[in-house]
Structure formats: C-alpha cells, structure tokens
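Let me begin by presenting the structure, written as structure tokens, before commenting on it.
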Amino acid sequence: MSDQNPMEINGGAMMAMTGKSCIAIGYDSKIGNNAEFLGKDFERVFRINDECYYGLAGMASDVQTLHSTMKFHSNLYKMKEKRDMDVEAFTHMLSHEQYIKRWSPFYVEGIIAGFDKDGKPRVYGTDIIGDITEPHDFIVAGTCEENLMGMAETFWRPDLEEEELMHAVAHAMQGALNRDAISGWKLHVTVVTKEHVRTVVLRSRQD
C-alpha cells in the first residue's frame, strides 16, 4: 500500500491575509499527479459573495465535490434568509460539512477570508475534519505550508493598506512556491475591500 499523502497528490498552495479594512487571498492554479503536470488553470479559490471568499487545498476531486456542496448550501441560505452569508456563518457551515464526513473525510483544508457583521476583516482555517482556526493575521494551506507560513510571517504587518496587502501576499507566495516542485505556474491574488474587488494573475514557477 502506498504511503502517499492524499493531500499532496495534486499539489496546490494558498494564503489569506488581513489588512486595514481589506482582505487578500491568493492561490496557485497548477494541478498535477505527484510530479506529473496535468494542467495550469485549476480553480482553488471561490467567491461566496462580495464580502466572503474561500479556498480549498488538497485532493482535486474532493475540492470540486466539497465546493459544489458549499455552493448549494450558500445559495439555499440566501434563498431562505434573504441575505448573504457572512464570513463567520460560512466558516461554521464549511466546518460542519467537513466534520460530518470525518470517518471518510474530504482530503482538503479550507481557508476563508471576508468581513464579519461589524465590517472587520477576518480570516479562518479548517482542517480535514472541520476544526476551526481563527488567527488575527493570516492563514495558509497546501503542499508548501511551512514555507508559506515563514514567508507570511516575514511580509505581514498590522494595518496594511490595499496595495501593500496585495504585494505582501504576492511576494510571500512567490517565495514559497519557488521552493515547492508540485505547485506554481500561475499565482492568483484577490484583494477585497468594502467597495471593490481586485484580482491580479502573476507568473510563478513553471516546471
């Protein structure tokens, strides 16, 4: 039996950071099968509404399955409640979906970024059984998690402005992806404020 970690088979890395009245979330779009290259446009980060984004890192099939489930539940919530789901409510819903599958889990970790009911930028993380992490600064997930953590600690500062936050996430992720052979290709960074959303796509490690 193979001892391959199913969380690392398809590659992928992501990061979310808080700033001053803004949040940023970044991910790479490469997908592979261990060292084999399969594609360069795999989506790992998804929009729930204008103030809530989330990403799933791990096995590609589970990313797509869990995203379909979350999309259904978020649409159902909006239809019943007549309002969008805030970041805290969505985090608990994602945690619940992962927890009820704990005996045969989705092999994914989640990161969630958005604004709470008071308009404060927040980031959260969930592990494969839905345990929630609630840092005040940044959250990372994926195959080069240790590298991402170190780079994020280097570039994050309290109360970063929108442009500064985008540069912090971009530089932190580029530094980590350059040290990870199964992630990279394109780096997508999205910065969200209460007024607008801005996304840039950058070239990353391509091998």
Quick one: does [X]'s side chain get under 4.5 Å of [Y]'s, heavy atoms only?
X    : Y    : value
F155 : H167 : no
I112 : V123 : no
V192 : F115 : yes
Y54  : M70  : yes
V108 : Q98  : yes
M7   : E109 : yes
E162 : R198 : yes
K78  : D84  : yes

Given 3.5 Å as the limit, does a donor-acceptor pair link the side chain of [X] with the main chain of [Y], or not?
X    : Y    : result
S204 : Q174 : no
T126 : D131 : no
R122 : G119 : no
D118 : K120 : no
R44  : K30  : yes
S95  : T91  : no

Using the rule that Ile, Leu, Val, Met, Phe, Trp and Tyr join whenever any side-chain heavy atoms are under 4.5 Å apart, tell me whether [X] and [Y] fall into a single cluster.
X    : Y    : value
L66  : V63  : yes
Y124 : I139 : no
M14  : F138 : no
L94  : I100 : no
M59  : I129 : yes

Would one find more than 12 heavy atoms of other residues, nucleotides or ligands at under 6.0 Å from atom [atom1] of [X]?
X    : atom1 : answer
E146 : CD    : no
K194 : NZ    : yes
Y107 : OH    : no
Y99  : OH    : no
E145 : CD    : yes

Could you grab the distance from atom [atom1] of [X] to atom [atom2] of [Y], nearest 0.5 Å is fine?
X    : Y    : atom1 : atom2 : value
M85  : I48  : CE    : CD1   : 7.5 Å
L177 : D28  : CG    : CG    : 5.5 Å
K186 : L202 : NZ    : CG    : 11.5 Å
T193 : E51  : OG1   : CD    : 9.5 Å
N10  : T143 : CG    : OG1   : 10.5 Å
L165 : S21  : CG    : OG    : 11.0 Å

State, to 0.1 Å, how close [X] and [Y] come at their nearest heavy-atom pair, and which atoms those are.
X    : Y    : answer
I23  : G114 : CG2-O, 3.8 Å
E43  : V45  : OE2-O, 3.3 Å
S183 : G11  : OG-C, 4.1 Å
G55  : I25  : N-CD1, 4.1 Å
A152 : A172 : N-CB, 4.1 Å
A24  : V191 : CB-CG2, 3.9 Å

Original post:
Quick one: which of F42, Y27, Y53 gives a ring-ring contact (aromatic ring centres under 6.0 Å, His included) with H188?
Top reply: Y27
Subject >> W156 and H136 aromatic ring geometry - parallel, tilted or perpendicular at 30°/60° bounds >> reply: perpendicular
